Protein chains: 2
Amino acid sequence: MSFSTKGEYGVRLMVQLGRRYGGGPSSLAEIATEEDLPRPYLEQLVMSLRDAGLVISTRGSHGGYELARSPDEIPMIAVLRALEGPIAPMICATDDSEAAHEPTCDRTARCTVNFLWIRIRDAISATLDGMTLADLVPERVALIQPMNLQESRQP
Amino acid sequence: MSFSTKGEYGVRLMVQLGRRYGGGPSSLAEIATEEDLPRPYLEQLVMSLRDAGLVISTRGSHGGYELARSPDEIPMIAVLRALEGPIAPMICATDDSEAAHEPTCDRTARCTVNFLWIRIRDAISATLDGMTLADLVPERVALIQPMNLQESRQP
DNA sequence: AGTAATCCCGACAGATTCGGTCGGAATTCG
DNA sequence: CGAATTCCGACCGAATCTGTCGGGATTACT
C-alpha cells in the first residue's frame, strides 16, 4: 500500500515553499521548473493545500503562493491529510471524528480485524504528529537534526 | 491513504482460517458465506496467500484451504505484503531489499522528502512486526490480550 | 465408473482513481 | 492597457479496483 504522487508532489511543493519562506509569494511556474513537475498538475494540488489553510495565494502579476505559517508550525499530518484525504488504512478506522463511528461495523468477526487497521492508523498518526515541515526543509535538517537521518537508516 | 479491500477481505479470510485451524481444509464457499463476501473474488485473493506460503490448498472434493502454520507463527506483515504488495508509502521507500536502493532518488531536494516516507514505512512495519494472526483470532484476543483493545482506543 | 465438490486459472468488464492536459476567466502589477 | 499569475472546470488516456464468468483439473465418495 502506498501514497499517490499527489502526496509526493505536494510535499515537495511544500518543501520548496519552506525554503522560500519569508521571501514573498513564489509562482507555481518557478517551483514546477525547479522540481521538474508539470505545472498544471501542481495547480490542482495546491488548491487542496490552500483550502486547508496551509498556503495562501496572491493573485495577479507577481503573485504566487507562500506558506501560511512558519514551517515549524505546519505539522506534516495536516499536509498529507490535505493532499491524500483522511489517514485511514480502512474506512472503519477514520480518525477525523474520533468518537462514535463503531456502528459502521456491522459484522461480528470484523471487529477483531478493525483492531488491526486502528493500530496501523495510530502508528502513522504518531509518526506524523511528531514532524513538521521544518524537519524536511534542507537547511534545517542539516543543521538541527542530522541524527534523525542516522536513526532512520537501519532500524 | 488507505489499503484496498484486497487487504480487508484477505485478512478476514485469514481470521476465518485461524478460527478453523486444526480442523482440516475449509472450502471457500463456506468462508464466503460466513463473511458475506463474493466467493469468486476470494479465489483471486487466496491465490496470493497460497503463493506466499501462508495457506495450503487441497484440491478435489472435500478440499479447501487451511493455514500453513499455526496463527501465532503468521506475522501480519507477511499477510499484508502478500495481499497488497510491498509496504512502501512511496516507491523510493521499499523495504524488501533493505540495502542499496538510494540511487533511485535522482534529485537533491527530494532526499529530505524521502526521509518522511521512510519514517512512515518504518512505523507501519514496526506495528505489523509485533502482530501475528493469533492477535486477531477472536478467542485469543478475548483471552490473552484484552488490554490491547483498551490501549488502542484513545492514544 | 460416474458424479459432485472443489481448487485452478485466464479472460473480461464496469467503475473509479491517477496523472495529467487544455482553455479560458478573473485578478493584480507595472 | 498588457503581462503575469491564480482560479476553475472540463476533458482524457491509462491503470487499478472490484469483481464476474466459464471452463478445466483434481479428488472423494458411492
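Here is the naming used below: chain letters follow the sequence lines, and residue numbers restart at 1 for every chain. A quick note: this is a predicted structure, and the numbers were derived from the prediction, not measured.
For the atom pair OG (A/Ser125) and CD1 (A/Ile120), the distance works out to 11.5 Å, reported to the nearest 0.5 Å. Note that CG of B/Leu54 and CG of B/Leu83 are 8.0 Å apart. Values are rounded to the nearest 0.5 Å.
By the criterion of side-chain heavy atoms lying less than 4.5 angstrom apart, applied directly or through intervening Ile, Leu, Val, Met, Phe, Trp or Tyr residues, A/Met14 is not grouped with A/Met47; the two fall into different hydrophobic clusters.
A/Ala126 meets the side chain to side chain contact (heavy atoms under 4.5 Å, CB included) test with no other residue; sequence neighbours excluded. A/Arg50 is linked by a salt bridge (Lys or Arg N to Asp or Glu O under 4.0 Å) to nothing, counting only residues two or more places apart in sequence or in another chain. Partners of A/Ala68 under the side chain to side chain contact (heavy atoms under 4.5 Å, CB included) rule, at least two apart in sequence or in another chain, are A/Ile56. Listed by chain and number, the residues in a side chain to side chain donor-acceptor pair (under 3.5 Å) with A/Glu30 amount to none (sequence neighbours excluded). Partners of A/Glu73 according to the salt bridge (Lys or Arg N to Asp or Glu O under 4.0 Å) rule, which considers only residues two or more places apart in sequence or in another chain, do not exist here.
Between A/Ser57 and D/dC7, a side-chain N or O to OP1/OP2 separation shorter than 4.0 Å is present. Contact annotation: B/Tyr9 reaches the phosphate of D/dG19 (side-chain N/O to OP1 or OP2, under 4.0 Å).
For the side-chain hydrogen bond (donor to acceptor under 3.5 Å, both in side chains) condition, no pair includes a residue of residues 56-69 of chain A, sequence neighbours left out. Screening residues 23-60 of chain A for ring-ring contact (aromatic ring centres under 6.0 Å, His included) gives A/Tyr9-A/Tyr41 as the qualifying pairs, with residues at least two apart or on separate chains.
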Go along nucleotides 24-30 of chain D 5' to 3' and tag each nucleotide: B for a protein heavy atom under 4.0 Å from its base, S when only backbone or sugar atoms are that close, - otherwise. BBBBSS-
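We find that CD1 of A/Ile56 is positioned 17 Å from P of D/dT5, with the value rounded to whole Å. Put simply, CG on A/Leu28 is 11 Å from C1' on D/dC7, counting in whole angstrom units. Per the geometry, CD belonging to A/Glu30 stands 14 Å off C1' belonging to D/dT6, to the nearest Å. Regarding A/Ile31, its CD1 atom lies at a distance of 12 Å from the P atom of D/dT5, rounded to whole Å. Nucleotide D/dT6 holds its P atom 11 Å from the CG atom of A/Leu17, rounded to whole Å.
Residues from residues 39-49 of chain B lying near DNA chain D, meaning a heavy-atom separation below 4.0 Å, are B/Pro40, B/Tyr41, B/Gln44 in numerical order.
For DNA chain C, the outermost nucleotides in 5' to 3' order that have an atom under 4.0 Å from a heavy atom of chain A are C/dC18 to C/dC29.
Although no hydrogens or angles enter the test, the distance criterion places no donor-acceptor pair under 3.5 Å between the side chain of A/Asp122 and the main chain of A/Arg119. Between the side chain of A/Arg12 and the main chain of A/Glu35, a donor-acceptor pair closer than 3.5 Å is present.
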Dot-bracket pairing map - DNA chain D, Watson-Crick plus G-U, both contacts under 3.5 Å, | cross-strand: ||||||||||||||||||||||||||||||
Might you work through the side-chain hydrogen bond (donor to acceptor under 3.5 Å, both in side chains) test for B/Gln16 and B/Arg20, ending with a clear yes or no? CA-CA 6 Å; B/Gln16 285 290 337; B/Arg20 292 164 163 75; 2.5 Å; yes
